[in-house]
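Naming: A, B, ... by sequence-line order, numbering from 1 per chain. In this text, all values refer to a predicted model and were calculated from it rather than measured experimentally.
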Amino acid sequence: MTKFDHPAEVPSTSRRSRIDLASMREHLQDARGPRFWRSLDELAETEEFQELLHREFPEMGVELPGGVSRRRFVQLMSASLALGGLTACTRQPLEKIVPYAQQPESLVPGRPLYFATSMTLGGVASGLLAESHMGRPTKVEGNPEHPASLGATDLFAQASVLSLYDPDRSQVITNLNRIRSWSAFVEDTRRETLASTRLRLLTGTVTSPSVAAIAQQVLSEHPQARWHQYDAVTRENVVAGAEMAFGEVVATRYDFARADVVVALDADFLTTGPGAVRYARDFMSRRRAPVDHPEMNRLYAVESMPTATGTVADHRLPLRPSQLAGFAAALAAEVGLPDAVAPAGADVGGQGEWLRAAARDLQAHRGSSAVVAGDYAPAEVHALAHAINGHLENIGRTVIHTAPLEAMPGDQTASLASLVDDMAAGEVDILVMLQCNPVYDAPVDLDFTTVLRQVGRRIHLGLYRNETSEHCHWHIPAAHYLESWDDARAHDGTISLTQPLIEPLYDGKTVAEVLSVFTEEGSRSAHGLLRSYWQGVLGESGFETRWRKALHDGFIADSALPPTGVTPGTEAAAETTALIAGTDQIPDGVDLAFRPDPTIYDGRFSNNGWLQECPKPLTKLTWDNAALVSPVSRTPRWSR
Amino acid sequence: MHDQPRHEPLEASSLFADGRSSRPLIEGTVARGQLRENRELYTGLDAAGQFVSDLPAPVTRELLERGRSRFNAFCSPCHGRRGDGGGMVVQRGFKQPQSFHQVRLRDTPVGYYYDVISRGFGEMSSYAAQLSPQDRWAIVAYIRALQVSRNVPVAELTADERRQLEELASKVPGAPETVEHE
Amino acid sequence: MSQIFKPSTNTLARVSMFGAIFFLAILAWVLVTLNRSSLATRQGIVLQQPVPFSHDHHVAGLGISCLYCHTTVEESSFAGIPPSATCMNCHKLIWNESPMLEPVRESYRTGRPIEWTRVHDLPDFVYFDHSIHVAKGIGCASCHGRVDQMPLMYQAESLQMEWCLECHRAPEMFIRPRTEIYNMEWVSTDQETEGARLIADYRVQSKLSCSVCHR
């Protein structure tokens, strides 16, 4: 925890230092049982503690400067508030009422309409039902029919409606800080873009089939073009782990409704990552012990940071991130994965007993257990989790593997690095950055900002004028998802459609619309692009009916990715354990783990007051960000 | 205090260029409850694209009552309460609509009426924004009832009804001509 | 006391004390009256509108039902203000060159709105719902007055809370049969017995708790 420094002249500081948490802890250190409570009483009677009690904010400190007491301040404030009530004595101002020229047929003024739509985060869609009053979206809830939602949402979706109306959103297309029109952008871009142009596209993770299709069209029409994807909150470890285990990229999803025993390896699957909303529903359905499931499920959570998943776990084991791979290897050996080697010295701090219990439980629930590796766990841990699941016959039951959701799965950091190399070598003519902010979130080592200046033509599409748009020739305001036609895959691959509830407030454009400028046909509308893509996929006959049904439902029925019959290779897993066993299990130094913020994510929601105001799980921090350090680590090792 | 920062329906707003807080719905979107899968109910056309000849809803007393109240509110200004096309607005100069009681319109399938209400016809505007599909069908049912009311052979009337009719005819010399002529 | 105060002081004190009370009472009375006057409520005041629309002509003269324009009164909290297209249903042929109707035609042509000034404007902290009142037998005229006799629209009642409560406390004095909702001229011959019967028939639960209107 951060300690605040106070100016020395504040009189109470010196007295306060005589009693704080540390001294209290010291006081209670050797106390156990009844003596512990007696010590507390003794402590409570001391003068210092009495003073501490009467100070309102013992940690923070000081009364208002200038001799105004808090009480006086409250008196003045309440008096002004009471006087503020006098504004009620004014005459009601006249109000204008402006009816439609042509009223939409389905709209009843005063009654809401609900539209199924979907929002993406990290490229993966969650199904939503958005409420619209007089054509203005006002509230977002989960889509009860959508497999990734079942009527529930996460906080990002709940708060998204505030971002829509954010007055700080970028509102105009600019070229070198001059306001320009969309047609000027299209004309200028098409004049400058030749088939031989070395075009580079940079997007976040894309699961949208229609966006992927149009990006592929751009690539095929420009042989020198490349497409890079980068998200600061990347799931590349998940992809790499699947490649290690299966030799190909597969997506993994879980059926927690069928899992009796779950072991989470630094996985906060109940609150973060694709499918978390559905997973929480499924997992909790087994906590209520219904009649046909007399047994509750059991969750073993290994985690390097306190998470919501850890708090519901039956057994929680805190572990340093660097020890996670060793733990996974030891677990693999313990459940009897052939030839798996448990690393020596993995049994730190009595975790061996914990591990053996979890392994016994897993073995007792073959086919009805699941080992879940977290999105940010190393690839080896993912590979071992896959191997353990395969060994325990969970695959196809609680763990389902499908074709990847992403249009272009892979190592995003390496992809960004190769883009930076190309930019540094002067091999990029046009760089189009769509709905991403690499100047802000690219790894510092890449020095993205410096090499960016060497690109002749830089185009940025974003909801806000941000760090990246500052370095671009063209900036185009992006359409919020509540203003867009779009599609994306949910965690299980279900094609989820995004339909707009309102015309773009600031004439924002979607990724597909900007990409279409680079195609032969030229600029097209997002609606036209989406519709024609799906018309091509679903076929002409009966398309209108199917399309309307899909828009109404919010997703295309039965479009979840089918399970693929892959099995993890056990030899590769055994090699991995051997490799892990060869490394030092108790490394020196400090482990540093970066996690997306529970409310601000990678920073993109920093202008959303609801999310800033929402207390972060466990720490209850708001409007702030903190490096969390264990109280033990805070004390220098020599003084422990 | 009287004006809170929320928009009541149709309230003015400075956020949007046209001054309306109420926005149009986006073309091509489908709201919940607006799927309109039942083609006959929502278009008045059958699978072959012909006007349906049967009402897609059961004809009940409530439906006819509903139809009467909607007909009197929305149709009678031009078509007249009796459906013969002599409403007040026509008397003030609007083009006179056809009477519902001519043989041609009596034989027209119900789907046609639904279609005209929904999409307009000639000088008549579409009433889709003013009437829900269910109300449009109720009106169609009521128009059918109006047509029947002037087209019942005297022989099919009960003795009591016939007596009433004769009484009426004797009292009012210029009353609607008796049913026998039609 | 008499060394300091002259005998006449007593009278002066009495008068000023009485005067103060009297003055305060007058002040209170003036404030209350002001608050109830049409200065505060706009009761009976005709507001400037872009088109001098006459309810008198359309309702009494032509017999057009309230529902024709205020289409959502039965299904929504808001009765609805007709879009320009509704006016044009008739006015594309009638009075179609009248300069008075130019704003309507212009709105229909261009899609730009007609900016009416709201006549019946409850404060935003009141959540009024038309549909439930209509469904339970409260006629348009009960609150909006004889709209059919208003060449230009004005607010017939004060729309103050004491006025709302007048009916909420004794709905049987105002309720009417559902068939007569839109009838401007309807008067009951025997409101008390008829009202009590309708209250029972329509299962009216006239709510008086604050949160019914103030959420």
Side-chain angles (χ1 to χ4, degrees), chain B residues 1-14 16-24 62 65-66 68-81 86-97 117 120-132 134-136 139, chain C residues 40 57-96 107-108 110-118 120-128 130 159 178-183 215:
Chain B
M1 190 156 172
H2 298 101
D3 275 326
Q4 294 173 354
R6 69 179 166 85
H7 292 309
E8 290 177 322
L10 304 182
E11 196 175 321
S13 163
S14 55
F16 300 97
D18 64 2
R20 291 185 178 103
S21 66
S22 309
R23 309 313 305 159
E62 285 88 51
E65 291 284 359
R66 179 80 183 171
R68 172 158 66 184
S69 76
R70 299 302 111 162
F71 181 89
N72 288 344
F74 292 94
C75 314
S76 70
C78 290
H79 290 279
R81 293 212 164 202
M88 273 307 273
V89 173
V90 172
Q91 293 173 33
R92 299 296 166 96
F94 203 85
K95 189 174 177 235
Q96 177 160 17
I117 300 174
F121 177 83
E123 291 298 341
M124 175 178 160
S125 310
S126 157
Y127 276 71
Q130 281 162 278
L131 288 162
S132 71
Q134 286 71 16
D135 280 349
R136 288 175 228 165
I139 288 175
Chain C
H57 169 69
H58 288 85
V59 181
L62 301 175
I64 295 175
S65 164
C66 311
L67 264 181
Y68 189 89
C69 300
H70 306 292
T71 51
T72 54
V73 71
E74 288 180 4
E75 44 183 333
S76 165
S77 60
F78 185 68
I81 299 291
S84 315
T86 301
C87 310
M88 295 304 281
N89 282 353
C90 300
H91 286 295
K92 62 180 159 193
L93 291 188
I94 302 176
W95 290 88
N96 56 359
S107 164
Y108 186 69
T110 62
R112 276 200 289 274
I114 307 173
E115 279 202 8
W116 303 96
T117 302
R118 193 166 183 154
H120 294 88
D121 186 15
L122 292 173
D124 281 3
F125 48 78
V126 180
Y127 290 78
F128 176 82
H130 275 95
L159 302 192
R178 280 186 191 131
T179 49
E180 305 300 329
I181 297 288
Y182 307 108
N183 186 350
R215 287 183 223 155

> Counting heavy-atom pairs under 4.5 Å to chain B, which of C:C66, C:P113, C:S77 comes out on top?
Replying inline: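 Greatest number of close heavy-atom pairs with chain B: C:P113.
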> If you tally heavy-atom pairs under 4.5 Å against chain B, which of C:T179, C:D121, C:L93 wins?
Replying inline: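 When all of C:T179, C:D121, C:L93 are compared, C:L93 has the most.
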Is a side-chain donor-acceptor pair under 3.5 Å present for [Y] with [X]?
| X | Y | value |
| --- | --- | --- |
| C:S84 | C:S107 | yes |
| B:Y127 | C:Y68 | yes |
| B:D135 | B:Q130 | no |

Can you tell which part of [X] gets under 4.5 Å to a heavy atom of chain C, answering side chain, backbone, both or neither?
| X | value |
| --- | --- |
| B:E123 | both |
| B:R20 | side chain |
| B:P9 | both |
| B:R70 | side chain |
| B:A73 | both |

>> For C:H91 and C:H58, take the angle between the two ring planes, folded into 0 to 90°, and tell me which bin it lands in: parallel under 30, tilted 30 to 60, perpendicular over 60.
In response: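 It falls in the perpendicular class, over 60°.
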>> Tell me every residue that passes side-chain hydrogen bond (donor to acceptor under 3.5 Å, both in side chains) with C:S76, counting only those two or more places apart in sequence or in another chain.
In response: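 Listed in chain order: nothing, the list is empty.
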>> Counting only heavy atoms from other residues, nucleotides and ligands, does the tally under 6.0 Å from CZ of C:R178 exceed 12?
In response: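 Yes, the 6.0 Å shell around CZ holds more than 12 heavy atoms from other groups.
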